[in-house]
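Report on the following structure.
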Amino acid sequence: MKDYGEPIDLLALQKGLGRAIEGAFPDRVWVRAEIAGLKVNAAGHCYLELSQSEEGRVVAQVRAVIWRSRYPVVSQYFAATAGAPLSAGIQVLARVQVSYHEVYGISLVIDEVDPSFTLGEAERRRKETLARLEKEDLLDRQKRLHLPDLPQRLAVISAEGAAGYGDFRRHLLENPYGYAYAVDLIPATMQGVAAPASILAALARAGRGYDAVLILRGGGSELDLACFDDYDLAAGIARCPVPVLTAIGHDRDSHVADRVAHTAVKTPTALADLFLDCTAAEDQRITAWESRLQTAFRNRFAQLDLRLQALQHLVRTAALGRLQTSGAKVDLLEAKIAATDPRGVLQRGFSLVLDDKGVRLREVHGRKKGDRIRVLLPDGRLDCVVEGVTGTPDNDKTLKA
């Protein structure tokens, strides 16, 4: 049988460990850690899980407690100074007494929490996040996207039933100008450690089917809104293919999410005004173009009317000239006709001789005795019979015969 030496029982071992651990830290010490979990039981004791992470991996974890005799003082002072209650996900600097229990093991008894450290740590992490985003060329990536001149289809990421979202919808959709918009709510958690992942999932759902994605969150304390300084959330906003506009908190608040967004305003109603202004500007441009087109058409019609009047004048002038020329020709023809009119000849004292068919006789050639002829005189007609034909020797063939 092996020689195990003098064995000790578990309780003795645990008590020895307790004396060693508590002896190593006999006085209270200040410890930096993140609250991984927090729960207040019915008796009023506050139980916490404290942890430390490096490169996304938990490297240390321990249980802690704030007894009910100290919890109201500690929690009220922290909330009054930091603007938010103690909660999971925040970095704290706590004064602790190391304690070891034979059944429950090591734990830390907290009697004070410094809120200024938490606020300072949040600011430090915020600056680190901004520096990382700038190094990765994500800080101004959204600002290189083009927001349409007339954005109408909007995806809104907000908490369902949030007052800020209701204010936004009323201000935008009940506008006095009758402008219409399509607004789709994509619900997300907007506070606490779960908020970044929830908002990122909503961003993925928004996709490319919208003119813009809006992230709305009403006012809150610095710690309430600390989730909007999260690196993963900021990087997701920067990489979104659609312009992302934010309205987070009030005038005193500025977050990394605002910095990487395409446009950031302070309140949901201010964001509604931004879209109303876009639509009003486009409406004015359309109205201006309408006015310019009307003026251009009026000017063009006036020019065409002037040209038509000029053409009408040219046509009238040309037609009148042609009529005058034609009238002069007609007058000349009438004068010629009048000059050759047999009635004119008769009026001048001459007579006309016609054959029995009414054809004027120009010569005696071809006439013979017995032919009937008519002699027209100014005052009448003589019907005659040729008794004989006498011609000159050169042209009277009958006489030659």
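The model shown is predicted, which means the values in this text are computed figures rather than measured ones.
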Open item on the list: Hydrogens and angles aside, do Q52 and E34 bring a side-chain donor and acceptor to less than 3.5 Å of each other?
Closed with: no
Open item on the list: Between R28 and D111, does the salt bridge (charged side-chain N to carboxylate O under 4.0 Å, His left out) criterion hold? Intermediate values first, please.
Closed with: CA-CA 9 Å; R28 285 176 287 188; D111 67 355; 2.2 Å; yes
Answer yes or no: is there a donor N or O on one side and an acceptor on the other, between the side chain of [X] and the main chain of [Y], under 3.5 Å?
X: S198; Y: T189; value: yes
X: Q142; Y: C240; value: yes
X: R374; Y: D356; value: yes
X: S107; Y: A64; value: no
X: H255; Y: A257; value: no

Is there a side-chain contact between [X] and [Y], using heavy atoms and a 4.5 Å cut-off?
X: S87; Y: I35; answer: no
X: L276; Y: L172; answer: yes
X: V260; Y: L139; answer: yes
X: D184; Y: L154; answer: no

Task: Identified salt bridge (charged side-chain N to carboxylate O under 4.0 Å, His left out) partner of R132 from the options E128, E136, E134 - done: E136
TODO: Decide, yes or no, whether a salt bridge links D137 with R144 under the criterion of side-chain N to carboxylate O below 4.0 Å.
DONE: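 Yes, this pair counts.
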Task: Ion pair check, D230 and R126, cut-off under 4.0 Å - done: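 Answer for the salt bridge query: no.
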- [ ] Drop me the distance from H313's NE2 to L308's CG, to the nearest 0.5 angstrom.
- [x]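 Answer rounded to 0.5 Å: 13.5 Å.
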- [ ] Before giving the answer on side-chain contact (heavy atoms from CB on, under 4.5 Å), spell out for V359 and L354 the whole-Å C-alpha distance, their side-chain angles and the decisive distance to 0.1 Å.
- [x] CA-CA 5 Å; V359 178; L354 309 177; over 6 Å; no
TODO: Any pair with a residue in residues 117-165 that passes ring pair (Phe, Tyr, Trp, His ring centres under 6.0 Å), sequence neighbours left out, goes on the list, sorted by first then second residue, please.
DONE: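 Listed once each, the pairs would be none.
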